[in-house]
Amino acid sequence: MTILVTGATGNTGRHVVAELLRRGSRVRALTRDPGRAADLLPAGTELAGGTHTEPGSLDAAFDGVTGLHITVTAGVADTGPELVRRAVAAGVERITVLWGGYVGPAEQAVEESGVAWTRLEPQEFMSNALTWAESIRDEGVVREPFDIPSAVVHEGDLGAVAAIAHTEEGHSGRAYNLNGPEALTTGARVALLAGALGREIAFEQIGRERAIERFLREGVSLSDAEYVVGWHADPPPEARIPDGTVDRILGRPARTFADWVREHKDRF
């Protein structure tokens, strides 16, 4: 069984690759830059050049593949249906899809593909804290608009769930809400980082408009910026209330934000 992983060098994709390899699967990582990816992914990963936003160019990448992991990004929201159609035509028998925050064309195409599928619905990743790294290093401050609890999930736990969905029975036709074991405000997460780093980190609430302006300066569209900021202003219950899904699937406790901080504190 060979599983093709799209978005393989991203914050979540590299964990999917690692967990599949750990479970004995053959993994082909789809990447725009195989040379760079070789330094980022575990030994034993087969590399395939290409991008999932251009499904017509992926015939070679699909050769011999029986499983597919899709990470839905802005481009894949449009090309997802063709990607799924070509994958199934090439012989893919099982698909996991990391949703883009809602059930859009790509997610719908997976559900209607006629093959075994599992949809992974994480709410907010612990790795989002990496966006604070520069301001923490340079100024000792985190600037965010809201201080609302969120049960952030460890991206490594998502990778483990994806690997299980590909290698064990009982997960076909399921959509899994994935969150972490505790609801933490932004301030609480900043305090955990400060404790691990052994220095003070200020938390400054900047308000909705400044948050949107920050996204616009980074090249994010106004509609996407308003959506992201609006989500953080009022996260759904699925994001705020730990539900234990990760624990049940993995057969162990979901990793905490404190665990994540210990793994990544050198990046701050």
Side-chain angles (χ1 to χ4, degrees), residues 1 3 5 7-8 10-25 27 42 67-72 94-103 107 110-111 116-130 147-193 195-196 231-232 234-265:
M1 178 173 64
I3 300 168
V5 177
N11 284 336
T12 60
R14 66 184 67 187
H15 288 281
V16 177
V17 170
E19 289 290 340
L20 284 167
L21 288 171
R22 190 178 67 81
R23 296 176 71 87
S25 298
V27 181
L68 172 65
H69 176 77
I70 301 172
T71 299
V72 177
R94 185 180 300 270
I95 301 174
T96 55
V97 57
L98 171 58
W99 75 339
Y102 60 94
V103 179
E107 294 87 348
V110 170
E111 189 170 343
W117 61 270
T118 306
R119 187 166 63 244
L120 310 177
E121 301 181 353
Q123 300 296 322
E124 184 175 8
F125 289 115
M126 294 178 184
S127 59
N128 288 354
L130 291 172
D147 196 27
I148 295 171
S150 177
V152 287
V153 65
H154 195 300
E155 54 275 12
D157 284 347
L158 180 138
V161 171
I164 285 174
H166 271 285
T167 57
E168 296 183 8
E169 296 301 322
H171 303 283
S172 179
R174 306 291 297 275
Y176 289 129
N177 179 63
L178 302 175
N179 58 29
E182 53 191 346
L184 297 171
T185 63
T186 304
R189 280 177 273 163
V190 171
L192 284 166
L193 274 166
W231 186 95
H232 283 91
D234 185 23
E238 292 83 359
R240 291 184 281 105
I241 303 171
D243 64 11
T245 300
V246 169
D247 307 54
R248 291 191 293 273
I249 295 173
L250 301 186
R252 61 162 173 80
R255 282 176 274 191
T256 67
F257 188 69
D259 294 330
W260 185 92
V261 168
R262 282 191 291 272
E263 296 165 12
H264 297 278
K265 67 178 184 179

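Quantities reported herein were computed from a predicted structural model and do not represent experimental measurements.
Considering only heavy atoms from C-beta on, Asp259 stays 4.5 Å or farther from Met126 through its side chain. Asn128 has its side chain out of reach of Val152: every pair of non-hydrogen atoms, C-beta onward, lies at least 4.5 Å apart. By the 4.5 Å heavy-atom criterion applied to side chains, Leu98 and His69 are counted as neighbours. For the pair Val153/Gln123, no side-chain contact is recorded, criterion being any heavy-atom separation below 4.5 Å from C-beta on. With contacts defined as side-chain heavy-atom distances shorter than 4.5 Å, the pair Tyr176/Ile249 qualifies.
Residues forming a side-chain contact (heavy atoms from CB on, under 4.5 Å) with Glu168 (at least two apart in sequence, or on another chain): Arg23, Ile164, His171. Shown here are the side-chain contact (heavy atoms from CB on, under 4.5 Å) partners of Asp147, two or more places apart in sequence or in another chain: Thr185, Thr186, Phe203, Gln205. Applying the side chain to side chain donor-acceptor pair (under 3.5 Å) criterion to Ser150, with sequence neighbours excluded, gives Glu124. Considering only residues two or more places apart in sequence or on other chains, Phe257 meets the ring-ring contact (aromatic ring centres under 6.0 Å, His included) condition with Trp260.
Contact between Gly100 and Glu107 at its shortest, heavy atoms only, is N-OE2, 2.9 Å. The minimum heavy-atom distance between Ala151 and Pro242, with the atom names listed, is CB-CG, 4.0 Å. Between Ile241 and Asn179 the shortest heavy-atom distance is O-ND2, 3.0 Å. Considering all non-hydrogen atoms of both residues, Val17 and Pro42 come closest at CG1-CD, 4.0 Å. Nearest heavy atoms, Glu19 versus Ala163: CB-CB, 3.7 Å. Across every non-hydrogen atom of Ala162 and Thr96, the tightest pair is O-CG2, 4.1 Å.
Checked against Phe125 for a side chain to side chain contact (heavy atoms under 4.5 Å, CB included), the options Asn11, Leu158, Leu178 give a single hit: Leu158.
Rounded to the nearest 0.5 Å, atoms CE (Met1) and CG (Leu20) are 7.5 Å apart.
By the 4.0 Å N-to-carboxylate-O rule, Glu111 lies close enough to Arg119 to be salt-bridged with it.
Side-chain N or O atoms of Trp99 include one that pairs as donor or acceptor with a backbone N or O of Pro122 at under 3.5 Å.
Screening residues 169-188 for salt bridge (charged side-chain N to carboxylate O under 4.0 Å, His left out) gives Arg94-Glu169 as the qualifying pairs, with residues at least two apart or on separate chains. Sorted by first and then second residue, the salt bridge (charged side-chain N to carboxylate O under 4.0 Å, His left out) pairs involving residues 234-254 (not counting sequence neighbours) are Asp157-Arg252.
Using cut-offs of 30° and 60° for the angle between ring planes, the His264 and His154 rings count as tilted.
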